[in-house]
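Predicted model, so just to flag it, every value in this text is computed and none were measured.
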Amino acid sequence: MGSSAVVASEEVDIIIPTIRSLDFLEVWRPFFQAYHLIIIQDGDPSRTIKVPSGFDLDFYNQDDIKRIMGSKSSVISYKDGACRCFGFLLSKKKYIYTIDDDCFVAKNPCGMPINTVEQHLKNLVSPSTPYFFNTLYDPYREGADFVRGYPFSLRAGRPTAVSHGLWLNVPDYDAPTQLVKPLERNTRSTKIHNVCRYVDAVLTIPKGSLFPMCAMNLAFNRELIGPAMYFGIFGEGQPISRYDDMWAGWCIKVICDHLGLGVKTGLPYLWHSKASNPFVNLQKEYKGLFWQEEAIPFFQSIVFPDHCSTPQECYIELSKQVKDKLGKVDPYFVHLANCMVTWIEAWDEFNPPKETNANTKPHGIDLNNDK
């Protein structure tokens, strides 16, 4: 039941936050050059970032964020990967792929390089199965199908809003796990207890289940869930960091559940090259390790009113519940809830109703071509 959809390159933006040289783009050139890139420089805007030639891209720094967003720029994190949200705000594309600057092209077990964008788009254009778990993973992949006992009434599936990719080499661990497993790596060539770490599978995260979203290899349908894809206010000046993508993941998952949208995880893999300092991470994560024990039950208990029928309406309602319930945990959550409201105001300001341009003739990319 593989998808035969074609996605135009003009429908995709690749958004990359960075504090380093962008030389890593050279290895991605065969896979990224067909797309438009939005680069968000974090940290000191006077620092020069080397950008390889030959890419179609826009480059923004913190000065640009302040100039373009004005007073609302306070909702964009500083010295934190959450600054990528500025790119989400500016993009006008249907699909967004975001990646970190310490990630490289991985290879599958056959030794072939993995085209992450292509696989993410395959995930996004095929339906999800949030209401009934298919034990043979994604039934819409080529050569797959629904298993015996799967209700025929649910086989049409639901639209997919988010595709969450995984990583080889350095795992996405929190600081305590990093400290006790400093040398652990996830590699396709190594078997642990005779189990290969490369799992060739995509699955839908069931309705009602949360997950720890990692932004280093993430794609989403901006038209379906874009307004809710806000990574919060973290980083410098805030009491917590390294929870921006997880916070966004908890928010989008409960909203997708309410709106009947799907979230997929699994393929594609990329190669995560750099293990961050666990002691620095512990300082950044310390309060979050306690607060997540309050935040996760909060998200598990979220119920949206029936009148919430758009991501914006859901997100405003969620901000109210964050302020009311998590605000009792720490005043930081009151500030975060206020930023959530301002984010939606900015989104609506920068994203008026879309107009169709009948003269646009995009270049098609066949998602069934595995080359």
- Would you call the rings of Trp343 and Trp347 parallel, tilted or perpendicular, where under 30° means parallel and over 60° means perpendicular?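 The rings of Trp343 and Trp347 sit tilted, inter-plane angle from 30° to 60°.
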
- Side-chain contact, heavy-atom cut-off 4.5 Å: Ile39 with Val51?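 Ile39 vs Val51: side chains apart.
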
- Task: Using atom types as modelled and distance alone, determine if a side-chain donor or acceptor of Thr18 lies under 3.5 Å from a backbone N or O of Arg20.
- Result: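 Yes, Thr18 side chain to Arg20 backbone: donor-acceptor pair under 3.5 Å.
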
- Message: Please check: side-chain N/O of Thr98 versus main-chain N/O of Ile15, any donor-acceptor pairing under 3.5 Å?
- Response: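 Checked: pair present.
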
- Task: Tell me whether the centres of the aromatic rings in Trp291 and Tyr332 are closer together than 6.0 Å.
- Result: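 For Trp291 and Tyr332, the ring centres are under 6.0 Å apart.
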
- Message: Rounded to the nearest 0.5 Å, what separates atom SG in Cys214 from atom CG in Asp245?
- Response: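 That separation rounds to 5.5 Å.
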
- Should the pair Tyr230 and Tyr315 be assigned to parallel (<30°), tilted (30 to 60°) or perpendicular (>60°) ring geometry?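 Perpendicular, since the angle between the ring planes exceeds 60°.
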
- Message: Main chain of Gly165, side chain of Gln119: is a donor-acceptor contact present, judged purely on distance under 3.5 Å?
- Response: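 Here the side-chain-to-backbone pair does not exist.
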
- Would you check, one step at a time, whether the test side-chain contact (heavy atoms from CB on, under 4.5 Å) holds for Leu90 with Phe350? CA-CA 7 Å; Leu90 291 189; Phe350 281 81; 3.9 Å; yes

- Query: Salt bridge or not for Lys72 and Glu349, using N-O below 4.0 Å?
  - Reply: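 Judged by the 4.0 Å cut-off on N to carboxylate O distance, Lys72 and Glu349 do form a salt bridge.
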
- Message: How long is the straight-line distance from CE of Met229 back to SG of Cys85, given to the nearest 0.5 Å?
- Response: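 The SG atom of Cys85 sits 9.0 Å away from the CE atom of Met229.
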
- Item | Test log, rule side-chain contact (heavy atoms from CB on, under 4.5 Å), inputs Ile114 and Leu270 | CA-CA 7 Å; Ile114 298 169; Leu270 51 64; over 6 Å; no

- Stepwise, does the salt bridge (Lys or Arg N to Asp or Glu O under 4.0 Å) test hold for Asp13 with Lys92? CA-CA 8 Å; Asp13 269 341; Lys92 299 297 181 284; over 6 Å; no

- Task: Might you point out which heavy atoms bring Ile225 and Pro311 nearest each other, and give the distance in Å?
- Result: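 Taking every non-hydrogen atom into account, CA-CG, 4.4 Å.
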
- Going by distance alone, is a donor N or O of one side chain under 3.5 Å from an acceptor N or O of the other, for His36 and Asp58?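 Per modelled atom types, His36 and Asp58 side chains form a pair under 3.5 Å.
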
- Message: Between Ser91 (side chain only) and Phe88 (backbone N and O only), is there a donor and an acceptor less than 3.5 Å apart?
- Response: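 No; zero donor-acceptor contacts below 3.5 Å.
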
- Looking at side-chain heavy atoms only, is the closest gap between Glu294 and Asp330 below 4.5 Å?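 No, too far: nothing below the 4.5 Å cut-off.
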
- Query: In the single-linkage hydrophobic clustering (I, L, V, M, F, W, Y; side-chain heavy atoms under 4.5 Å), do Leu267 and Tyr137 co-cluster?
  - Reply: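 No, separate clusters.
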
- By side-chain contact (heavy atoms from CB on, under 4.5 Å) - contacts of Glu313 (at least two apart):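 With neighbours one apart ignored, the set is Cys308, Ser309, Thr310.
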
- Query: Minimum heavy-atom separation for Leu224 to Pro159, with atom names?
  - Reply: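 It is CD1-CB, 4.0 Å.
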
- If every non-hydrogen atom of Leu121 is compared with every non-hydrogen atom of Val7, which pair is closest and at what distance?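 It is CD1-CG1, 4.0 Å.
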
- Provide the closest heavy-atom pair for Arg242 versus Asp80 in the form atom of the first, atom of the second, distance.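 Where Arg242 meets Asp80 most closely, the heavy atoms are N-OD1, 3.8 Å.
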
- Query: Does the ring centre of Tyr60 sit less than 6.0 Å away from the ring centre of Phe86?
  - Reply: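 Yes: the rings meet the under 6.0 Å criterion.
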
- Considering all heavy atoms, the nearest Pro227-Ile344 contact: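 For Pro227 and Ile344, the tightest heavy-atom pair comes out as O-CD1, 3.5 Å.
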
- Task: Compute whether any side-chain donor of one residue and acceptor of the other, for Tyr243 and Gln292, lie under 3.5 angstrom apart.
- Result: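 Yes, because at least one side-chain N or O of Tyr243 sits under 3.5 Å from a partner of the opposite role on Gln292.
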
- What is the distance from atom CD1 of Ile40 to atom CG of Asn61, rounded to the nearest 0.5 Å?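 Here the rounded value is 9.5 Å.
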
- Task: Quick one: pull up SG in Cys251 and CE in Met340 and give me the separation to the nearest 0.5 Å.
- Result: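 One gets 4.5 Å once the value is rounded to the nearest 0.5 Å.
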
- Tyr78 (side chain) donor-acceptor with Gly235 (main chain) under 3.5 angstrom: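 Answer holds: no.
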
- Message: If only side-chain N and O atoms count, and only distance matters, is there a donor-acceptor pair under 3.5 Å linking Arg155 with Asn134?
- Response: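 Absent: no donor and acceptor within the cut-off.
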
- When you look at Ile99 and Met216, which way does the side-chain contact (heavy atoms from CB on, under 4.5 Å) test go after all the steps? CA-CA 5 Å; Ile99 181 176; Met216 76 172 76; 5.9 Å; no

- Task: Is it possible for you to say whether Ile16 and Leu57 belong to one hydrophobic cluster, with membership spreading through side-chain heavy-atom contacts below 4.5 Å?
- Result: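 As far as the 4.5 Å side-chain criterion goes, Leu57 and Ile16 are connected within one cluster.
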
- Message: Treating Asp42 as the side-chain partner and Pro17 as the backbone partner, does any N or O pair qualify as donor plus acceptor under 3.5 Å?
- Response: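 Side chain of Asp42 to backbone of Pro17, a donor-acceptor pair under 3.5 Å: no, none is there.
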
- Message: According to a hydrophobic-cluster definition based on side-chain heavy atoms being under 4.5 Å apart (Ile, Leu, Val, Met, Phe, Trp, Tyr only), do Met246 and Leu289 belong together?
- Response: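 Per the 4.5 Å side-chain linkage, Met246 and Leu289 are co-clustered.
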
- Query: Below 4.5 Å, heavy atoms only, C-beta onward: do His258 and Val303 meet side chain to side chain?
  - Reply: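 With C-beta onward as the side chain, the pair stays apart.
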
- Measure the spacing between CG of Asn217 and OG of Ser163 and express it to the nearest 0.5 Å.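 So the gap between those two atoms works out to 7.5 Å.
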
- Can you name the nearest heavy-atom pair linking Ser9 to Ala34, along with the distance?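 Where Ser9 meets Ala34 most closely, the heavy atoms are CB-O, 3.3 Å.
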
- Query: Ring centroid separation for Phe55 and Phe32, is it under 6.0 angstrom?
  - Reply: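 So the answer is no for these two rings.
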
- Query: Relative to the ring of Phe299, is the ring of Trp247 parallel (under 30°), tilted (30 to 60°) or perpendicular (over 60°)?
  - Reply: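 Ring orientation of Trp247 relative to Phe299: perpendicular.
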
- Message: So, applying side-chain contact (heavy atoms from CB on, under 4.5 Å) with His272, which one of Asp102, Asp100, Leu166 is it?
- Response: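 Filter result, single survivor: Asp102.
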
- Query: Are more than 12 heavy atoms from other residues, nucleotides or ligands located less than 6.0 Å from atom CZ of Phe333?
  - Reply: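 Yes, the 6.0 Å shell around CZ holds more than 12 heavy atoms from other groups.
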
- Message: Could you check, using the six-membered ring where one of them is a Trp, whether Phe146 and Phe152 have ring centers closer than 6.0 angstrom?
- Response: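 Centroid distance Phe146-Phe152: not below 6.0 Å, so no.
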
- Task: Kindly determine whether Thr116 and Val105 satisfy side-chain contact (heavy atoms from CB on, under 4.5 Å), including the steps that lead there.
- Result: CA-CA 8 Å; Thr116 58; Val105 177; over 6 Å; no

- Do side-chain atoms of Arg141 reach the backbone of Asn123 as a donor and acceptor pair under 3.5 angstrom?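 No.
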
- Would you please test Asp64 and Arg67 for salt bridge (Lys or Arg N to Asp or Glu O under 4.0 Å) and show each step? CA-CA 5 Å; Asp64 297 316; Arg67 172 179 55 83; 3.0 Å; yes

- Query: Can you check whether Lys122 reaches Tyr140 side chain to side chain, under 4.5 Å on heavy atoms?
  - Reply: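 Result no, sub-4.5 Å side-chain heavy-atom pair not found.
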
- Query: Just one of Phe31, Phe220, Tyr269, Tyr97 clears the ring pair (Phe, Tyr, Trp, His ring centres under 6.0 Å) bar with His120, so which one?
  - Reply: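 Filter result, single survivor: Tyr97.
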
- Measure the CD1-CD distance between Ile49 and Gln41 for me, rounded to the nearest 0.5 Å.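 CD of Gln41 is found 4.5 Å from CD1 of Ile49.
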
- Query: When you check the gap from the basic side-chain N to the acidic O, do Lys264 and Asp138 get nearer than 4.0 Å?
  - Reply: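 Yes, this pair counts.
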
- Task: Starting from Val147, walk the hydrophobic network (Ile, Leu, Val, Met, Phe, Trp, Tyr; side-chain heavy atoms closer than 4.5 Å) and list everyone else you reach, by chain and number.
- Result: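 Members besides Val147, by chain and number: Leu136.
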
- Query: Are Trp167 and Phe104 near enough that their ring centres are under 6.0 Å apart?
  - Reply: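 For Trp167 and Phe104, the ring centres are not under 6.0 Å apart.
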
- Query: Under 3.5 Å, is there a donor-acceptor pair between the side chain of Arg84 and the main chain of Gly81?
  - Reply: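 Checked: pair present.
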
- Query: Does Phe290 share a hydrophobic cluster with Val334, counting links as ILVMFWY side-chain heavy atoms below 4.5 Å and allowing steps through other members?
  - Reply: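 In one cluster with Phe290: Val334, no.
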
- Any ion pair linking Asp257 and Lys253 (charged N to carboxylate O, less than 4.0 Å)?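 Result for this pair is yes, salt bridge flagged.
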
- Item | Residue pair Arg158 / Ser128, side-chain donor-acceptor N/O under 3.5 Å |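 Not at all, the side chains of Arg158 and Ser128 share no donor-acceptor pair under 3.5 Å.
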
- May I ask whether Ile19 and Ile76 are part of the same hydrophobic cluster, defined by side-chain heavy atoms of I, L, V, M, F, W, Y residues being less than 4.5 angstrom apart, directly or through others?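 Different hydrophobic clusters.
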
- Query: Is there a donor-acceptor pair closer than 3.5 Å between any side-chain N or O of Thr204 and the backbone N or O of Thr129?
  - Reply: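 Yes; judged by distance alone, with no hydrogens or angles, the pair exists.
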
- Task: Please confirm whether the backbone N or O of Gln312 pairs with a side-chain atom of Glu317, one donor and one acceptor, at under 3.5 Å?
- Result: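 Checking the backbone N and O of Gln312 against the side chain of Glu317, no donor-acceptor pair under 3.5 Å is found.
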
